[in-house]
Structures are given as C-alpha cells and as structure tokens.
Amino acid sequence: MPELPEVETTRRGIAPHIQGKRIRDIVVRNSSLRWPVPVAELQSLQRCQITSVERRGKYLLLSTSKGTVIIHLGMSGSLRIAKADEPPMAHDHVDLTLSDGAMLRYTDPRRFGCWLFTSEDPYDHELLNELGPEPLNDEFDLEYLYQASRGRKVAVKQFIMNSHVVVGVGNIYANEALFLAGIHPKRAAGKISRQRYERLVPAIKEVLGQAIEQGGTTLKDFVGGDGKPGYFKQSLNVYGRGGEPCVTCDRPLKEIRMGQRTTVFCKFCQT
DNA sequence: ATAATCACCTGCTCGC
DNA sequence: TGCGAGCAGGTGATTA
C-alpha cells in the first residue's frame with residue numbers, strides 16, 4: 001500500500017491520538033512479520049509516554065523515554081485508531097492500547113511490514129542509518145541527485161527507487177515523476193544530463209508533495225490514520241493506465257516490467 | 001561497489 | 001464453480 005505520502009498521511013492521522021499519551025499495553029497476535037516482533041521489549045514500554053511520532057522515509061518512529069518503536073507498513077500494512085474494545089479481524093497483528101481507551105491497530109495481510117524496538121537513537125539503527133535524503137527536504141536538490149547518478153548504469157527508474165539514493169519514491173510515484181520530467185524510465189541514470197535532472201528533482205518533489213496534500217493514493221483500501229481514503233488516484237497520469245491515452249499526446253501508454261515492477265510511460269513524451 | 005534476482009506472504013483477478 | 005498463473009503500494013538478502 002504505502003509510499004512516502006501514504007506513510008506521512010498515516011503519521012498525521014495517528015499522531016494527534018497517541019502523542020503525549022501513555023501506553024497501556026502492546027498486544028501482539030502474530031509476531032511473524034518481516035522480522036520477529038520483539039514482544040517482550042515492546043511490552044516493557046507499558047506506562048511510558050509517547051513523546052514523538054516521526055517519519056523517516058517510509059518508517060514511522062514512536063518514541064518514549066525508554067526507546068523507540070520502529071514501524072514499517074511493507075506492501076499491505078496500515079495503522080488506524082480504534083476503540084480498545086473493537087474485536088480484531090484476521091490480519092490485525094498488533095494493538096498498542098493507550099491509557100485513555102484509544103488504540104493504535106496494525107493490520108497487514110502480507111506481513112511484509114515490521115515492528116521493531118531500539119533503545120538507541122533510532123537514526124543510528126541499521127535500517128535507517130544509510131538512508132538517502134528526504135525528497136521534500138532542501139538537501140535533496142539538483143546537485144545532490146546529479147552527482148549521485150554519475151557512473152551509475154542502473155536504469156533511472158530503479159535509481160530513484162533506491163532508498164540509499166533518496167527515500168520514499170516507490171513504484172507509483174517513480175512512474176509519475178518520470179512522466180512529469182519527460183524521461184524514459186530505462187535510461188541509464190549516469191547518462192542523463194544535468195538539464196534533465198533539473199526537471200526530475202522538482203517532478204519528484206511535486207508528485208510527492210501533491211500526494212501528501214491529497215491524503216495519499218488509495219488503490220485498494222488504503223485509509224489514513226483517520227480512516228479517510230486518499231484522493232491522489234485521480235491525479236495519476238500513467239500508473240495503472242497502460243494502453244490508455246497519454247494525457248499529453250493522446251497516444252497509448254506503454255506498459256513493461258522493470259525489475260519485477262510494472263512500469264508505465266509514454267514512449268513519445270518520455271525520451 | 002554495483003546490478004540483477006530472489007524471497008517473504010496473502011488476496012484478488014484473469015483465463016481456461 | 002473451480003483451479004492455477006500472475007500480479008499487487010517494499011526492501012533486505014543473496015548471487016554474480
């Protein structure tokens with residue numbers, strides 16, 4: 001489900017309901033996520049106050065004085081606020097209940113996501129410490145991306161989807177950003193000119209920023225922490241539109257596979 | 001170091 | 001209606 005805009009939408013949806021509140025309990029019904037869920041460590045957070053709800057890339061960080069819970073939604077995960085007495089459904093793997101009777105519930109049918117714990121600085125955690133810049137921050141700029149691309153033979157689409165290069169650009173928004181920038185997804189990253197990166201960097205910022213403003217993209221059943229769907233789907237130019245007319249030139253969009261991911265582009269507008 | 005492929009898992013759609 | 005194939009928003013691990 002989630003790329004950066006969906007994770008940010010989730011963060012904004014849940015933060016007002018959990019930040020500053022005290023953890024009552026953490027109930028793990030299925031600890032078999034991407035990595036085993038450290039149940040005992042998480043439960044040691046009972047009675048701790050949640051001091052901050054941050055996002056780094058597609059990771060969510062719930063911090064307390066004793067340590068930080070690191071959550072990733074994988075492909076099919078979601079978090080939402082519910083009443084603590086709501087009966088769990090089949091894929092509701094983790095509940096974090098709060099002292100005021102609210103509950104943060106984690107649902108993930110495919111179980112590609114994770115719930116981890118660290119007592120150290122979470123930004124030093126091995127999953128986070130080598131991540132590239134946040135795409136919406138100023139440090140993600142033309143100079144950075146252009147220099148990072150030099151000598152790279154990988155296709156530009158896979159290059160911008162690499163979290164060590166820049167975080168948060170998943171399959172949907174990679175397709176969309178390359179369309180906006182007029183760049184063919186299979187071009188080698190290292191052979192694209194500075195002038196073209198000058199279009200790509202703002203395209204990435206634009207597509208992610210717009211998606212956040214519209215509450216993310218709801219493809220199947222994504223809902224933010226407040227239970228509302230995202231409205232970005234109506235803004236997609238290429239993703240999910242293979243064979244349909246290009247919004248610019250009206251000719252049919254091409255759909256191919258790149259690294260087991262569906263790739264959609266206009267072979268006339270993207271060169 | 002970089003690039004390509006595999007693996008993890010459930011659910012849904014499609015074609016026969 | 002049933003069944004296998006293929007696909008789905010991610011990304012670390014493994015292999016060249």
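To find a chain, count down the sequence lines: A is the first, B the second, and so on, and within it residues start at 1.
- One finds a side-chain N or O of Tyr59(A) lying less than 4.0 angstrom from the OP1 or OP2 phosphate oxygen of dG12(C).
- Spacing of P atoms, dC6(B) relative to dG6(C), comes out at 14 Å, to the nearest Å.
- For the pair Lys205(A) and Glu134(A), the salt-bridge criterion is not met [side-chain N within less than 4.0 Å of a carboxylate O].
- Contact between the side-chain N/O atoms of Arg261(A) and the OP1/OP2 oxygens of dG9(C) is found at a separation under 4.0 Å.
- dG9(C) and dA3(B): their P atoms are spaced 22 Å apart (whole Å).
- OP1 or OP2 of dT10(B) has not a single side-chain nitrogen or oxygen of His91(A) nearer than 4.0 Å.
- In this structure, Phe112(A) does not pack face-to-face on the six-membered ring of dT11(C), missing the 5.5 Å centre cutoff or the 30° plane limit.
- Panel note: side chain Arg194(A), backbone Arg196(A); no donor-acceptor pair is recorded below 3.5 Å.
- Side-chain contact of Gln210(A) with Ser235(A): a donor-acceptor pair under 3.5 Å is absent, judged by distance alone.
- Comparing dG12(C), dG10(C), dC9(B) by their nearest atom to the side chain of Arg111(A) picks out dC9(B).
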Show each protein N/O and nucleotides 4-6 of chain B N/O combination with a separation under 3.5 Å, one pair to a line.
none

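- With P as the reference atom, dC9(B) and dT14(C) are 15 Å apart, rounded to whole Å.
- When distances run from any side-chain atom of Ile172(A) to the nucleotides dG9(C), dG11(B), dC7(C), the shortest one goes to dG9(C).
- Under the Watson-Crick and G-U wobble criteria, each requiring two contacts below 3.5 Å, nucleotide dG9(C) is left unpaired.
- Heavy-atom nearest nucleotides on DNA chain B were determined for Gly151(A) and for Arg34(A), and the one closer to the 5' end corresponds to Gly151(A).
- Checked for salt-bridge contact, Arg12(A) and Glu8(A) meet the test: a charged N lies under 4.0 Å from a carboxylate O.
- Between the side chain of Arg152(A) and the base of dT2(B), no donor-acceptor pair under 3.5 Å is found.
- Nearest-nucleotide positions on DNA chain C place Gly168(A) closer to the 5' end than the other of Gly168(A) and Glu126(A).
- Using modelled atom types and a 3.5 Å distance limit, the side chains of Ser44(A) and Lys66(A) yield no donor-acceptor pair.
- Comparing dG11(B), dT11(C), dG9(C) by their nearest atom to the side chain of Lys58(A) picks out dT11(C).
- Side chain of Gln46(A) to backbone of Asp25(A): no donor-acceptor contact under 3.5 angstrom is found.
- With hydrogens and angles ignored, a donor-acceptor pair under 3.5 angstrom links the side chain of Arg110(A) to the base of dC9(B).
- Using modelled atom types, no side-chain atom of Ser63(A) and backbone atom of Thr51(A) make a donor-acceptor pair closer than 3.5 Å.
- dC9(B) is unpaired under the criterion used here, namely a Watson-Crick or G-U wobble arrangement in which both key atom distances are under 3.5 Å.
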